[in-house]
Every structure is written in C-alpha cells, then in structure tokens.
Amino acid sequence: NTTMRSNRLLIKKPWISEKSTDMIALGKYVFSVAPNAVASEIAKAVESIYKVHVVNTNVINKVSKGKKTKKVIVTLKAGEKIDMVPH
C-alpha cells in the first residue's frame, strides 16, 4: 500500500524525552517528522498508522548546530492514546 509507505516516510519516529513523556498524560504525543511534512498530512498519517483521532497539531522547526529538525506535537481526542513503548 503506497499510502501506508508514504505515512511511514512522513513520520520518522516518536520523539522520546522527559518533557515529551510528561506530555502523554495530557494526550499529546511528539514525533520527529520529514522536513517537507505539512501539519494536515502529519495528522492523517498519525490517524492512519495508530488508529486514533487527532484534534490538533503543532509543528516545530528547529535548527541546532546547522542541522534542521522538524517535530510535531499531536493532540489526540480525549480518552485515546498511543502505545509508545516498542515491542
């Protein structure tokens, strides 16, 4: 399925840090995403991959030591969650 493959390319990996882990309690999850990713595409990709409903996305562009990174904070519908622990 090409759609699933493109979703996997948009979302690189979950962003795991102390701050992002604390945000899970608020229903917010942080992901490292492709530099060309757009908020609406990211929301659809997260919904498709994790079978949840995204109610808000906040995109963060960061430049550190000349390297560009792009993160997104997605807020899920109340009561939904994503299992971030690798199995």
Side-chain angles (χ1 to χ4, degrees):
N1 186 343
T2 56
T3 306
M4 186 58 104
R5 213 171 327 150
S6 63
N7 288 344
R8 290 282 180 194
L9 293 175
L10 276 178
I11 299 173
K12 293 181 181 178
K13 61 184 178 183
W15 189 277
I16 306 297
S17 67
E18 187 174 350
K19 193 172 184 179
S20 68
T21 305
D22 291 344
M23 292 172 71
I24 292 173
L26 303 172
K28 297 176 186 249
Y29 295 84
V30 185
F31 295 93
S32 175
V33 296
N36 60 343
V38 182
S40 60
E41 292 177 327
I42 295 165
K44 287 177 189 170
V46 170
E47 289 177 344
S48 171
I49 294 167
Y50 296 103
K51 308 295 184 239
V52 292
H53 297 93
V54 175
V55 294
N56 192 20
T57 56
N58 294 317
V59 178
I60 302 156
N61 291 301
K62 185 177 176 185
V63 179
S64 177
K65 297 179 185 172
K67 186 179 177 190
K68 293 179 183 177
T69 57
K70 191 170 196 174
K71 299 188 297 188
V72 66
I73 301 170
V74 295
T75 306
L76 301 184
K77 187 176 169 184
E80 294 186 340
K81 59 183 177 179
I82 296 174
D83 185 6
M84 297 294 255
V85 181
H87 295 285

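Heads up: numbering here begins at 1 and tracks the sequence.
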Notebook entry, point to check: T57 and V46: side-chain contact (heavy atoms from CB on, under 4.5 Å), yes or no, with the steps?
Noted result: CA-CA 10 Å; T57 56; V46 170; over 6 Å; no
Check: Say you draw a straight line from OG1 of T75 to CG of N58; how long is it, rounded to the nearest 0.5 Å?
Finding: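 Atom-to-atom, T75:OG1 and N58:CG are 6.0 Å apart.
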Check: Got a second to check how far K81's NZ is from D83's CG, nearest 0.5 Å?
Finding: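 So the NZ of K81 and the CG of D83 are separated by 8.5 Å.
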Notebook entry, point to check: Checking side-chain contact (heavy atoms from CB on, under 4.5 Å) for the pair F31/I42: CA distance, chi angles, key distance, verdict?
Noted result: CA-CA 10 Å; F31 295 93; I42 295 165; 6.0 Å; no
Item checked: Donor-acceptor contact present, side-chain K12 to main-chain L9, <3.5 Å ->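 Not a single qualifying donor-acceptor pair exists.
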Item checked: Sidechain-backbone polar pair: K70 side chain, A37 backbone, donor-acceptor under 3.5 Å ->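 Yes; judged by distance alone, with no hydrogens or angles, the pair exists.
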Quick check on the hydrophobic clustering: are [X] and [Y] connected, directly or via other members, by side-chain heavy-atom contacts under 4.5 Å?
{"X": "I11", "Y": "L76", "answer": "yes"}
{"X": "V38", "Y": "I60", "answer": "no"}
{"X": "V33", "Y": "I16", "answer": "no"}
{"X": "V30", "Y": "I49", "answer": "no"}
{"X": "V55", "Y": "Y50", "answer": "no"}

Next item on the list: Output all residues satisfying side chain to side chain donor-acceptor pair (under 3.5 Å) with S17, sequence neighbours left out; order by chain, then residue number.
Entry: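 Only S20 meet the side chain to side chain donor-acceptor pair (under 3.5 Å) criterion with S17.
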Check: side chain to side chain donor-acceptor pair (under 3.5 Å) with E80: which residues, sequence neighbours excluded?
Finding: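 Result, side chain to side chain donor-acceptor pair (under 3.5 Å) vs E80: H53.
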Check: Can you pull the side-chain hydrogen bond (donor to acceptor under 3.5 Å, both in side chains) pairs that have at least one residue in residues 21-45, sequence neighbours excluded?
Finding: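 Listed once each, the pairs would be none.
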